[in-house]
2 protein chains.
Amino acid sequence: MILKIDFESEMPIYEQLRRQIIEGIAKGELNTGEELPSVRQLAEDIGINLHTVNKAYNVLKDEGYLVIDRRKGAMVKDILPEATKEYYDSLEKELKFIVADAYCRGMGKDEFLKQCERYFDEYIESRRERENGR
Amino acid sequence: MILKIDFESEMPIYEQLRRQIIEGIAKGELNTGEELPSVRQLAEDIGINLHTVNKAYNVLKDEGYLVIDRRKGAMVKDILPEATKEYYDSLEKELKFIVADAYCRGMGKDEFLKQCERYFDEYIESRRERENGR
DNA sequence: CTATTTGTTATATATATTATATAACAGCAG
DNA sequence: CTGCTGTTATATAATATATATAACAAATAG
């Protein structure tokens with residue numbers, strides 16, 4: 001899986017890593033149980049500090065996406081995190097704002113929903129393709 | 001319009017203000033052309049520094065939501081910002097991640113879309129009610 | 001005219017976050 | 001033993017966030 005960091009972005013590097021890894025899991029580029037590069041390896045590959053990678057991994061561990069074995073390294077959990085109440089609450093907050101912004105800018109409900117649907121289908125399709133190839 | 005700050009939140013105060021004001025516009029609690037409290041007034045009301053309010057106002061000005069008159073203060077723009085290419089790009093990035101996260105957590109496409117639709121309808125309905133009352 | 005209000009600008013300070021660098025540690029595999 | 005894991009510790013630097021205080025120009029209210 002290819003990870004790309006935008007060093008001009010306001011978004012912290014560890015947060016960019018976190019998001020790309022979650023997107024990678026959604027696409028099926030990263031499978032449950034799959035091992036991730038070691039913190040040192042990944043840090044060297046993308047030219048950042050190992051502590052930055054470590055932070056991303058640990059956030060993902062706390063969220064329930066990864067398990068980290070002190071000796072083997074990080075791997076994607078066999079069972080992905082569930083949609084807990086805390087998750088629903090934060091999702092609602094985030095979505096409400098995004099929808100408000102879109103609505104103010106004159107984006108129609110249908111157009112917005114179509115986009116969401118398209119993104120969902122992209123992940124579903126991507127996973128399906130990869131599962132067939134195995 | 002009531003603004004509530006969560007001082008425990010990781011989200012910066014000015015960002016909380018920014019989001020609530022956009023949501024207020026979406027709901028129709030704030031109408032185009034309507035004046036906002038002065039930076040000093042609002043800062044005092046919610047117990048924060050005037051520069052924090054000023055930052056929120058200026059971010060919203062840069063985004064095209066507000067006009068700020070040096071003597072009269074801030075007011076909601078008569079014409080709200082459009083969905084520019086930059087906006088679409090940032091929306092796509094944001095939405096793709098959110099969808100990925102939801103998908104990984106086992107949230108169904110229909111459930112996700114239903115929520116988005118509900119939020120849209122809330123804003124539409126809220127605006128309609130307020131327009132009828134005027 | 002005077003006093004008050006507006007956003008703006010400037011300076012200073014404190015704190016937290018982000019990212020880096022370097023080093024050392026324990027545990028395990030080859 | 002050697003080399004690989006993540007982990008811990010310490011230090012440093014830059015940036016973001018928030019506050020405090022003061023002063024300014026421009027307009028308005030009395």
Side-chain angles (χ1 to χ4, degrees), chain A residues 1 3-22 30 33-78 90 97, chain B residues 1 3-22 30 33-78 90 97:
Chain A
M1 186 198 170
L3 294 166
K4 272 199 146 333
I5 298 303
D6 177 9
F7 292 96
E8 311 290 317
S9 171
E10 303 169 30
M11 192 181 294
I13 296 173
Y14 80 90
E15 179 66 17
Q16 294 184 45
L17 282 179
R18 169 183 169 260
R19 293 188 173 210
Q20 287 180 46
I21 288 170
I22 290 176
L30 284 172
E34 187 170 339
E35 286 184 13
L36 277 72
S38 76
V39 291
R40 285 178 179 84
Q41 183 63 56
L42 182 53
E44 195 185 4
D45 285 352
I46 51 189
I48 60 174
N49 192 275
L50 86 167
H51 291 107
T52 307
V53 177
N54 195 248
K55 171 145 189 182
Y57 280 7
N58 273 284
V59 170
L60 287 164
K61 185 192 77 176
D62 292 341
E63 290 179 318
Y65 273 107
L66 303 182
V67 279
I68 303 179
D69 187 315
R70 195 189 192 100
R71 22 196 202 285
K72 283 189 275 180
M75 60 165 59
V76 182
K77 252 194 170 182
D78 286 324
S90 67
F97 163 70
Chain B
M1 185 199 171
L3 294 166
K4 273 202 144 335
I5 298 302
D6 176 8
F7 292 97
E8 312 291 316
S9 171
E10 302 169 32
M11 191 181 293
I13 296 173
Y14 80 90
E15 178 66 16
Q16 293 184 46
L17 282 179
R18 168 183 169 262
R19 293 188 173 210
Q20 286 180 46
I21 288 170
I22 290 176
L30 285 173
E34 187 170 338
E35 286 183 14
L36 276 73
S38 76
V39 291
R40 287 179 178 82
Q41 183 64 56
L42 183 52
E44 196 183 2
D45 285 353
I46 51 188
I48 60 173
N49 192 274
L50 88 167
H51 292 107
T52 307
V53 177
N54 195 249
K55 170 144 191 184
Y57 280 7
N58 273 284
V59 169
L60 288 164
K61 184 192 77 178
D62 292 342
E63 290 178 318
Y65 274 108
L66 304 182
V67 279
I68 302 179
D69 188 315
R70 192 189 193 98
R71 21 196 203 286
K72 281 189 274 177
M75 61 165 58
V76 181
K77 253 195 168 180
D78 287 324
S90 67
F97 164 69

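Heavy-atom basis, side chains included; hydrogens, waters and symmetry copies ignored. Convention: sequence-line order gives letters A, B, ...; per-chain numbering from 1.
Put simply, CD1 on Ile5(A) is 10 Å from P on dT20(C), counting in whole angstrom units. When rounded to the nearest whole Å, the span between CG of Leu66(B) and P of dT6(C) equals 16 Å. As rounded to whole Å, 15 Å separates atom C1' of dT28(D) from atom CZ of Arg70(B). Straight-line distance from the CD1 atom of Ile13(B) to the C1' atom of dA16(D): 13 Å, rounded to whole Å. Atom CD in Glu44(B) sits about 14 Å away from atom P in dT19(D), given to the nearest Å. Residue Gln41(B) contributes atom CD, which lies 7 Å from atom P of dT6(C) at whole-angstrom precision. Protein atom CZ of Arg40(A) is 11 Å distant from nucleotide atom C1' of dT8(D), rounded to whole Å. Rounded to whole Å, atom C1' of dG6(D) lies 10 Å from atom NE2 of His51(A).
In this structure, Ala56(A) and Tyr14(A) approach most closely via the heavy-atom pair CB-O, 3.5 Å.
For Arg71(B), the listed nucleotide lying nearest its side chain is dA26(D); candidates were dA22(D), dA18(D), dA26(D). Distances from the side chain of Lys55(B) to the nucleotides dT22(C), dT17(D), dT8(C) place dT17(D) closest. Proximity note for Asn54(B) (side chain, C-beta onward) versus dA20(D), dA19(C), dG7(C): the nearest is dG7(C).
Inter-residue side-chain proximity for Leu36(A) and Leu42(A) is flagged as unmet; no heavy-atom pair is nearer than 4.5 Å.
Applying the 4.0 Å criterion to OP1 and OP2 of dA18(D), one finds that Tyr14(B) has every side-chain N and O outside that range. Remark: Asn49(B) is not in phosphate contact with dT21(D), judged by side-chain N or O atoms under 4.0 Å from OP1 or OP2. Residue Thr52(B) places at least one side-chain N or O under 4.0 Å from the OP1 or OP2 atom of dT19(D).
Look at Arg40(B) and Glu44(B) and you find no salt bridge, because none of the NZ, NE, NH1 or NH2 atoms lies under 4.0 Å from a carboxylate O.
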Might you work through the side-chain contact (heavy atoms from CB on, under 4.5 Å) test for Asp6(A) and Gln16(A), ending with a clear yes or no? CA-CA 8 Å; Asp6(A) 177 9; Gln16(A) 294 184 45; 3.8 Å; yes
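DNA chain C is contacted by both Leu50(A) and Pro12(A); Pro12(A) maps to the nucleotide lying nearer its 5′ end (nearest heavy atom per residue).
Rounding to the nearest 0.5 Å places CG of Leu30(A) at 9.0 Å from CG of Leu66(A).
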